[in-house]
Amino acid sequence: LRCSCRLWGGLVQVGGFLRLSCLASGNVFGIDVMSWYRQTPGKEREFVANVTPGGSTLYAVSVKDRFSISRDNANKTYLQMNSLKPEDTAVYFCKARMRDSGMEYWGKGTQVTVSS
């Protein structure tokens, strides 16, 4: 399984919006939860949001009410990021977890920069 991320919007100013998408390719049958994480230099990767196959979602407190995760079919997920803040600047990663094995597959990550 391979996860690839795409970013719409590029560099954005405070208060702006961006949209990320993640497409899993390969053996996509059996994908369970799809998630977004982010990481800044010197810090551990942190959870942002996830979505189950049934559409249930979970968000980190720091992004709740500003970010929205959605899922299109079994292997594609989106992260709509609104009201962006400088502290949202990070490399964003997509992750897909397989239902049966629990194996996790990460995308390469994409840079999101919010300028003040």
Side-chain angles (χ1 to χ4, degrees):
L1 192 74
R2 173 175 292 181
C3 296
S4 58
C5 298
R6 182 175 177 184
L7 171 67
W8 279 277
L11 177 66
V12 67
Q13 291 187 329
V14 171
F17 64 92
L18 289 171
R19 182 175 171 88
L20 297 174
S21 71
C22 175
L23 173 67
S25 57
N27 183 16
V28 301
F29 295 103
I31 293 178
D32 189 14
V33 178
M34 296 191 78
S35 308
W36 289 96
Y37 285 73
R38 64 188 182 186
Q39 188 171 24
T40 54
K43 294 187 177 181
E44 292 189 359
R45 195 168 295 185
E46 66 172 4
F47 170 78
V48 175
N50 68 25
V51 57
T52 69
S56 296
T57 58
L58 182 67
Y59 296 92
V61 172
S62 59
V63 306
K64 191 173 176 58
D65 297 328
R66 298 188 299 120
F67 290 13
S68 177
I69 188 171
S70 59
R71 190 160 175 172
D72 182 12
N73 298 320
N75 62 328
K76 194 168 186 179
T77 183
Y78 303 91
L79 186 68
Q80 178 68 39
M81 303 182 292
N82 299 327
S83 302
L84 283 161
K85 304 176 181 180
E87 51 264 42
D88 295 319
T89 296
V91 177
Y92 283 71
F93 297 88
C94 175
K95 184 182 77 173
R97 189 178 74 198
M98 304 306 289
R99 180 173 50 249
D100 292 339
S101 67
M103 289 189 66
E104 297 178 340
Y105 298 87
W106 291 88
K108 287 186 178 180
T110 186
Q111 177 70 45
V112 170
T113 302
V114 183
S115 64
S116 56

Between the side chain of Asn50 and the main-chain N/O of Ser35, is any donor-acceptor distance below 3.5 Å?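 Judged by distance alone, no pair lies under 3.5 Å.
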Is there a donor-acceptor pair closer than 3.5 Å between any side-chain N or O of Thr40 and the backbone N or O of Ala90?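 No; judged by distance alone, with no hydrogens or angles, the pair does not exist.
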Quick one: sort the Phe93 and Trp106 rings into parallel, tilted or perpendicular, breaks at 30° and 60°.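 It falls in the perpendicular class, over 60°.
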Residues forming a side chain to side chain contact (heavy atoms under 4.5 Å, CB included) with [X], sequence neighbours excluded:
X      : result
Gln13  : Ser115
Ala60  : Phe47, Ser62, Val63
Arg71  : Ile31, Met34, Val51, Pro53
Tyr105 : Leu1, Cys3, Met98, Met103

So which heavy atom on [X] is nearest to which on [Y], and how close?
X      : Y     : answer
Tyr59  : Ser68 : OH-CA, 3.3 Å
Gln111 : Val91 : OE1-CG2, 3.2 Å
Thr77  : Ser70 : OG1-O, 2.7 Å

For Arg66, salt bridge (Lys or Arg N to Asp or Glu O under 4.0 Å) partners two or more places apart: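 Arg66 satisfies salt bridge (Lys or Arg N to Asp or Glu O under 4.0 Å) with Asp88 only.
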Should [X] and [Y] count as side-chain neighbours, where that means a heavy-atom distance under 4.5 Å?
X      : Y     : value
Val112 : Leu20 : yes
Thr57  : Phe67 : no
Tyr78  : Arg19 : yes
Thr113 : Val12 : no

Please report the interatomic distance [atom1]([X]) to [atom2]([Y]), rounded to the nearest 0.5 Å.
X     : Y      : atom1 : atom2 : answer
Leu23 : Asp72  : CG    : CG    : 9.5 Å
Leu79 : Thr110 : CG    : OG1   : 11.5 Å
Trp36 : Ile69  : CH2   : CD1   : 8.0 Å

Contact list for residues 41-52, test salt bridge (Lys or Arg N to Asp or Glu O under 4.0 Å), sequence neighbours left out: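 Matches after skipping sequence neighbours: Arg38-Glu46.
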Identify which one of Arg97, Glu104, Arg99, Lys95 satisfies the side chain to side chain contact (heavy atoms under 4.5 Å, CB included) criterion when paired with Val33.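 Only one of Arg97, Glu104, Arg99, Lys95 forms a side chain to side chain contact (heavy atoms under 4.5 Å, CB included) with Val33, namely Arg97.
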